[in-house]
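Since the structure comes first, as structure tokens, the remarks are kept for the end.
These numbers were taken from a predicted model, which means no experiment stands behind them. In what follows, every heavy atom counts, from backbone to side chain, and hydrogens, waters and symmetry copies are set aside.
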Amino acid sequence: MLVTIERIEHKKNGEGSVYAIVHLEGGQRVYCWDGKVIGALQAGAVYEVEVKEGRFPRLVKARPVASTNGAGETIVSREGRQALEASAAERLEALRLVLTLAQWTRLDSVDAALAAADKVLQWLKEGGGR
């Protein structure tokens, strides 16, 4: 499942064990007790995750989804200058637009769709469409 992480809450249980409540875009939340997975998560990033369902849905694996610009949140324009960071909602909306148009394009992977969404965001941030 492909998700965007909105925020991460670090908690301790009564025995002192650390866990995290991971808030996903759309209001869903999952719990994680694996320190390695918790340490690798970053708010605002997109991940391919594995979740075990139950009373407390458990995040067991998370792999950052890389694009042609890397796994970071920032976009570099053609001129090489740093553009504004896109919010998770903006990135999701650009991805939805790209996936809607995918039926007329040749996007053959999730990475290709994310790269196309990054290009749409770059175009919008640079004043495209005005």
Side-chain angles (χ1 to χ4, degrees):
M1 161 168 65
L2 200 61
V3 300
T4 300
I5 295 178
E6 285 189 345
R7 65 186 174 98
I8 303 164
E9 287 182 66
H10 297 275
K11 302 281 189 170
K12 280 188 181 182
N13 66 14
E15 300 158 359
S17 297
V18 177
Y19 69 99
I21 301 173
V22 182
H23 297 265
L24 308 177
E25 196 161 61
Q28 182 183 8
R29 56 183 189 186
V30 294
Y31 299 83
C32 185
W33 287 272
D34 185 332
K36 288 181 183 179
V37 175
I38 294 169
L41 298 176
Q42 182 178 8
V46 178
Y47 293 88
E48 183 176 345
V49 298
E50 181 181 324
V51 176
K52 288 200 175 192
E53 296 298 328
R55 182 173 175 209
F56 298 101
R58 183 168 50 116
L59 178 65
V60 292
K61 288 184 184 177
R63 181 185 68 83
V65 177
S67 70
T68 56
N69 293 323
E73 291 183 54
T74 57
I75 302 165
V76 179
S77 70
R78 286 182 215 126
E79 294 81 24
R81 61 184 159 78
Q82 193 82 11
L84 297 173
E85 286 188 0
S87 72
E90 289 170 325
R91 284 194 322 272
L92 181 61
E93 190 58 34
L95 183 57
R96 284 184 182 141
L97 173 64
V98 167
L99 293 177
T100 300
L101 298 173
Q103 59 189 325
W104 295 288
T105 62
R106 295 181 183 207
L107 298 176
D108 58 354
S109 69
V110 171
D111 286 342
L114 290 171
D118 282 346
K119 288 179 183 178
V120 168
L121 277 171
Q122 178 182 345
W123 180 74
L124 290 172
K125 294 280 184 189
E126 291 176 352
R130 284 193 223 178

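Sorted by first and then second residue, the pairs that involve residues 8-20 and meet salt bridge (Lys or Arg N to Asp or Glu O under 4.0 Å), not counting sequence neighbours, are Arg7-Glu9, Glu9-Lys11.
Applying the under-4.5 Å side-chain rule to Ile, Leu, Val, Met, Phe, Trp and Tyr, the cluster around Val18 consists of that residue alone. The hydrophobic cluster containing Tyr31, built from Ile/Leu/Val/Met/Phe/Trp/Tyr side-chain heavy atoms closer than 4.5 Å, also comprises Tyr19, Ile21, Trp33, Phe56.
Residues satisfying the side chain to side chain contact (heavy atoms under 4.5 Å, CB included) criterion with Lys52, sequence neighbours excluded, are Arg58, Val60. Here Ile38 pairs with His10, Ala20, Cys32 under the side chain to side chain contact (heavy atoms under 4.5 Å, CB included) rule; sequence neighbours left out.
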_Residue pair Leu59, Leu41: steps toward the side chain to side chain contact (heavy atoms under 4.5 Å, CB included) verdict_ = CA-CA 11 Å; Leu59 178 65; Leu41 298 176; 3.8 Å; yes

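Here the shortest heavy-atom pairing between His23 and Arg29 reads CE1-CD, 4.0 Å. Heavy-atom minimum distance, Met1 versus Val51: CE-CG2, 3.8 Å.
Contact of the Val46 side chain with the Val3 side chain is not registered, since no non-hydrogen atoms from C-beta on lie closer than 4.5 Å.
In this structure, Tyr47 contributes its side chain and Lys61 its backbone to no donor-acceptor pair below 3.5 Å.
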